[in-house]
Amino acid sequence: MKPIEPPAGYSISCDPALLNLDTVHGFIANSYWAKGIPKTIVEKSIRHSIAWGIYFGAEQVGFARVISDKATFAYLCDVFIASEHRGKGLSKALVAAIKAHPDLQGLRRWMLVTVDAHGLYEQFDFKPVQNPERHMEIHQPGLYLEGQPPA
Ligand SMILES: CC(C)(COP(=O)(O)OP(=O)(O)OC[C@H]1O[C@@H](n2cnc3c(N)ncnc32)[C@H](O)[C@@H]1OP(=O)(O)O)[C@@H](O)C(=O)NCCC(=O)NCCS
């Protein structure tokens with residue numbers, strides 16, 4: 001997968017030192033998938049993932065992370081672009097950068113979960129799960145709204 005150059009003024013990096021934890025937490029804690037997530041959990045999740053930021057100058061305007069063994073499997077999650085920067089191809093440039101990362105080549109399976117962005121990920125070879133009856137999960141969507149202490 002070839003990288004896609006982001007629009008002028010934007011840059012993409014997986015340098016964890018550049019990430020703005022307040023920006024990332026501020027978005028994810030209000031997302032439909034992890035509402036109420038504590039900042040400590042977001043920080044820990046980033047520490048144990050490969051995480052990308054998209055920057056407009058020095059300002060972080062997007063994010064995504066990948067959980068992976070870097071050999072066989074990767075899970076793409078927490079993808080967002082700040083609302084005022086949407087519709088410019090930034091998420092496509094971000095997913096292209098992720099798919100091009102040298103540690104994420106030759107994997108047997110990639111996974112992700114999305115409510116409505118299938119059309120984005122289809123452009124990067126993701127397809128609906130072929131045999132959903134073979135997949136199992138433990139999912140606690142309301143976990144962070146139940147006043148649970150950080151793990
Ligand atoms: C989804 C999101 C990341 C897209 O970011 P973006 O930078 O505005 O998207 P892009 O400009 O790169 O374009 C995305 C492409 O995917 C398509 N697409 C499909 N589903 C989409 C969706 N739900 N939202 C946005 N684009 C979508 C667009 O039409 C566009 O297609 P194109 O190639 O024909 O132009 C952004 O809208 C966002 O952060 N949404 C809120 C958080 C979210 O839902 N994250 C995804 C969780 S899986």
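In listed order, ligands and their atoms are each counted from 1. As the structure is a computational prediction, the values presented were derived from the model and not from experiment.
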Is atom 46 (C) of ligand 1 less than 4.0 angstrom from at least one protein heavy atom? yes
With heavy atoms only and a cut-off of under 4.0 Å, state how Tyr121 meets ligand 1: side chain, backbone, both or neither. side chain
Among all protein non-hydrogen atoms, which one is nearest to atom 17 (C) of ligand 1, and what is the separation to 0.1 Å? Leu120 N, 4.0 Å
Are the side chain of Ser68 and the backbone N or O of Phe73 linked by a donor-acceptor pair below 3.5 Å? yes
I need the contact type for Val113 against ligand 1. Using non-hydrogen atoms and a strict under-4.0 Å cut-off, is it side chain, backbone, both or neither? backbone
Nearest protein heavy atom to atom 8 (O) of ligand 1, by residue and atom, and its distance? Gly87 N, 2.8 Å
Centroid separation under 6.0 Å, is that true for the rings of His118 and Phe126? no
Which residue and heavy atom of the protein sit nearest atom 44 (O) of ligand 1, plus the separation: Tyr32 CE2, 3.9 Å
For Gln60 and Leu19, indicate whether the former's side chain and the latter's backbone hold a donor-acceptor pair under 3.5 Å. no
From CG (Asp78) to CZ (Phe27), nearest 0.5 Å: 9.5 Å
Within the protein, is there a heavy atom lying under 4.0 Å from atom 31 (O) of ligand 1? yes
For ligand 1, which atoms have a heavy atom of Gly119 less than 4.0 angstrom away? 19 (C)
Which atoms of ligand 1 have any heavy atom of Phe80 under 4.0 Å away? 39 (O)
Using heavy-atom distances only, which candidate in Gln123, His85, Lys88, His118 approaches atom 15 (C) of ligand 1 most closely? Gln123
Contact summary for Phe63 and Leu94, nearest pair of heavy atoms: O-CD2, 3.6 Å
Of Val79, Leu18, Ile98, Asp15, which is the lone residue that meets side chain to side chain contact (heavy atoms under 4.5 Å, CB included) with Trp52? Ile98
Within the distance-only criterion (no hydrogens, no angle test), does the side chain of Asp69 pair as donor or acceptor with the backbone N or O of Thr72 below 3.5 angstrom? yes
Nearest to atom 38 (C) of ligand 1, what protein heavy atom do you find, and at what distance? Arg86 NE, 3.4 Å
Basic-acidic side-chain contact under 4.0 Å: Arg47, Glu43: yes
Ligand 1 to Asp116, heavy atom cutoff 4.0 Å, flagged ligand atoms 20 (N), 21 (C), 22 (C), 23 (N)
Which protein heavy atom lies closest to atom 39 (O) of ligand 1, and at what distance to 0.1 Å? Ile81 N, 2.8 Å
Between Val79, Ile4, Leu94, flag the one that comes closest to atom 43 (C) of ligand 1 by a heavy atom. Val79
Tell me the protein heavy atom at minimum distance from atom 35 (O) of ligand 1, and give that distance in Å. Lys92 NZ, 3.5 Å
Verify atom 28 (C) of ligand 1: protein non-hydrogen atom under 4.0 angstrom away: no
Residue, atom and distance of the protein heavy atom nearest atom 1 (C) of ligand 1 read Ala117 CB, 4.4 Å
Do Tyr10 and Lys88 have side-chain atoms, one donor and one acceptor, less than 3.5 Å apart? yes
Is it true that atom CD of Gln123 has more than 12 heavy atoms of other residues, nucleotides or ligands lying nearer than 6.0 Å? yes
Do Lys99 and Leu104 touch side chain to side chain, with heavy atoms closer than 4.5 Å? no
Mark whether atom 25 (C) of ligand 1 lies under 4.0 angstrom from at least one protein heavy atom. no
re atom 6 (P) of ligand 1, the protein heavy-atom contact at minimum distance is Ser91 OG, 3.5 Å
I'd like to know if the side chain of His85 and the backbone of Val61 have a donor-acceptor N/O pair within less than 3.5 Å. no
